[in-house]
Amino acid sequence: MTNPADLLTLAAAADANPVVDFVREWPAMWPELWLSTQDTIYMVWWATVFSVLFGLPLGVLLVTTDRGGLTPAPAVRAVLSTVVNIGRSLPFIVLMVAVLALTRLLVGTTLGPTAAIVPLSIGAVPFFARLVETSLREVDRGVIEAAHAMGTRKTTIVGKVMLPEAMAGLVAGLVMTVVTLISYSAMAGAIGGGGLGDLAIREGYQRFNDQYLWATVILLVIIVQIVQSVGDQVVRTLSRR
């Protein structure tokens, strides 16, 4: 016969189970988690757009102005490479603080998801530019030289030969950039950037609420897995062309 005291002990242990507590608290946490998830997606989306708008041309210039490129300009290439190296060498948390004045100038505030887009974009542009450079360097030189020998304009070679030939690598680089931006967006919460990182710090760390910490980690992992899976499928499709 089971001792009633043992039953009480088992019931207390079940109540203290962190998994049970997490499942029980999830419905109450979800509205705030969903809003923070939307903020994270908003930040990452626009930072990705600006990364492509500025990082893609920068990566193309790094290749075309190099020795043996379409328009060799070693001095220009050296300056661009130095700027990219400086941008990539700065820890993101330091970069966010360093560009606070610029952020305030551009968006009028240093708090919130919109303000976080500025340092996210600045941090991601040089990162994506290097990935673009690496992808373009893998394009067969024979194809480029053949197009050049036929009198094709240099801009056409870039747009119709180099970029299409490197498309699989460019998409892979873009996926890597988006995943990096997701991690950056979580760090943006340290200075009030909003999103899941901000929620983890406010509700999880500062209020010692482990449920919020685990929930934000789970959601960030899910977002990364979705991005990586979709990106890998696109890369495989492009590679088979």
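For the single chain, residues carry numbers from 1 onward in sequence order.
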* To do: Assess whether atom CH2 of Trp45 is packed by more than 12 heavy atoms of other residues, nucleotides or ligands within 6.0 Å.
  => no
* Is a side-chain donor or acceptor of Ser81 paired with a backbone partner of Ala78 at a separation under 3.5 angstrom? -> no
* Asked: Does the side chain to side chain contact (heavy atoms under 4.5 Å, CB included) test come out yes or no for Leu61 and Val76, once each step is laid out?
  -> CA-CA 9 Å; Leu61 286 173; Val76 174; over 6 Å; no
* With side chain to side chain contact (heavy atoms under 4.5 Å, CB included) as the test, would you mind laying out the steps for Lys154 and Val158 before giving the verdict? => CA-CA 6 Å; Lys154 295 176 181 179; Val158 172; 5.8 Å; no
* **Within one Ile-Leu-Val-Met-Phe-Trp-Tyr cluster: Val84 and Phe54, side-chain cutoff 4.5 Å** => yes
* Might you point out which heavy atoms bring Leu33 and Ala215 nearest each other, and give the distance in Å? => CD1-CB, 3.6 Å
* Asked: Could you state the interatomic distance from OG1 (Thr177) to CG (Leu131), rounded to the nearest 0.5 Å?
  -> 5.0 Å
* Can you tell if the side chain of Leu136 reaches within under 4.5 Å of the side chain of Leu163, non-hydrogen atoms only? -> yes
* Asked: Under a 4.5 Å cut-off applied to non-hydrogen side-chain atoms, are Ile144 and Leu70 in contact?
  -> yes
* Shortest non-hydrogen separation from Ala188 to Ala116 and the atoms involved -> CB-CB, 4.1 Å
* State, to 0.1 Å, how close Val99 and Pro119 come at their nearest heavy-atom pair, and which atoms those are. => CG2-CB, 3.8 Å
* Asked: Among the clusters formed by ILVMFWY side chains lying less than 4.5 Å apart, do Ile201 and Leu199 turn up in the same one?
  -> no
* Asked: Do you know which two heavy atoms are closest between Val227 and Val175, and how far apart they sit?
  -> O-CG1, 4.1 Å
* **Single-linkage hydrophobic cluster Met176~Leu120, side-chain heavy atoms < 4.5 angstrom** => no
* Sidechain-backbone polar pair: Arg77 side chain, Leu62 backbone, donor-acceptor under 3.5 Å -> yes
* To do: Give the minimum heavy-atom separation between Ala115 and Val107, together with the two atoms involved.
  => CA-CG2, 3.9 Å
* **Distance, nearest 0.5 Å, that separates OG of Ser51 from CG of Leu58** => 11.5 Å
* Following the transitive rule for hydrophobic clusters with a side-chain heavy-atom cut-off under 4.5 Å over Ile, Leu, Val, Met, Phe, Trp and Tyr, establish whether Tyr42 and Phe50 coincide in one cluster. => yes
* Asked: Mind checking whether Val178 and Val44 have side chains closer than 4.5 Å, heavy atoms only?
  -> yes
* **4.5 Å side-chain heavy-atom contact, Leu181 and Thr48** => yes
* Side-chain donor/acceptor of Ser183 to backbone N/O of Thr180, under 3.5 Å -> yes
* Would you indicate whether the side-chain heavy atoms of Leu196 and Ile223 approach each other to under 4.5 Å? => yes
* Structure fact -> Here the pair of heavy atoms bringing Met43 nearest to Gly194 is CE-O, 3.6 Å
* To do: Give, for atom CE of Met162 and atom OG1 of Thr64, the distance between the pair rounded to the nearest 0.5 Å.
  => 7.0 Å
* **Donor-acceptor under 3.5 Å (Thr103 side chain, Val118 main chain)** => no
* Give a yes or no on whether Ile93 and Leu111 share a hydrophobic cluster (residues Ile, Leu, Val, Met, Phe, Trp, Tyr; joining criterion: side-chain heavy atoms under 4.5 Å apart). => no
* Asked: Is there side-chain contact between Gln228 and Asp232, with heavy atoms separated by less than 4.5 Å?
  -> yes
* To do: Could you tell me whether a side-chain N or O of Ser89 sits under 3.5 Å from a main-chain N or O of Ile86, the two making a donor and an acceptor?
  => yes
* Nearest 0.5 Å, what's the OG1-CD distance between Thr216 and Glu32? -> 11.0 Å
* Asked: Between CE of Met96 and CD1 of Ile122, what distance do you get to the nearest 0.5 Å?
  -> 12.0 Å
* OH on Tyr184 to CZ on Phe127, rounded to 0.5 Å -> 6.5 Å
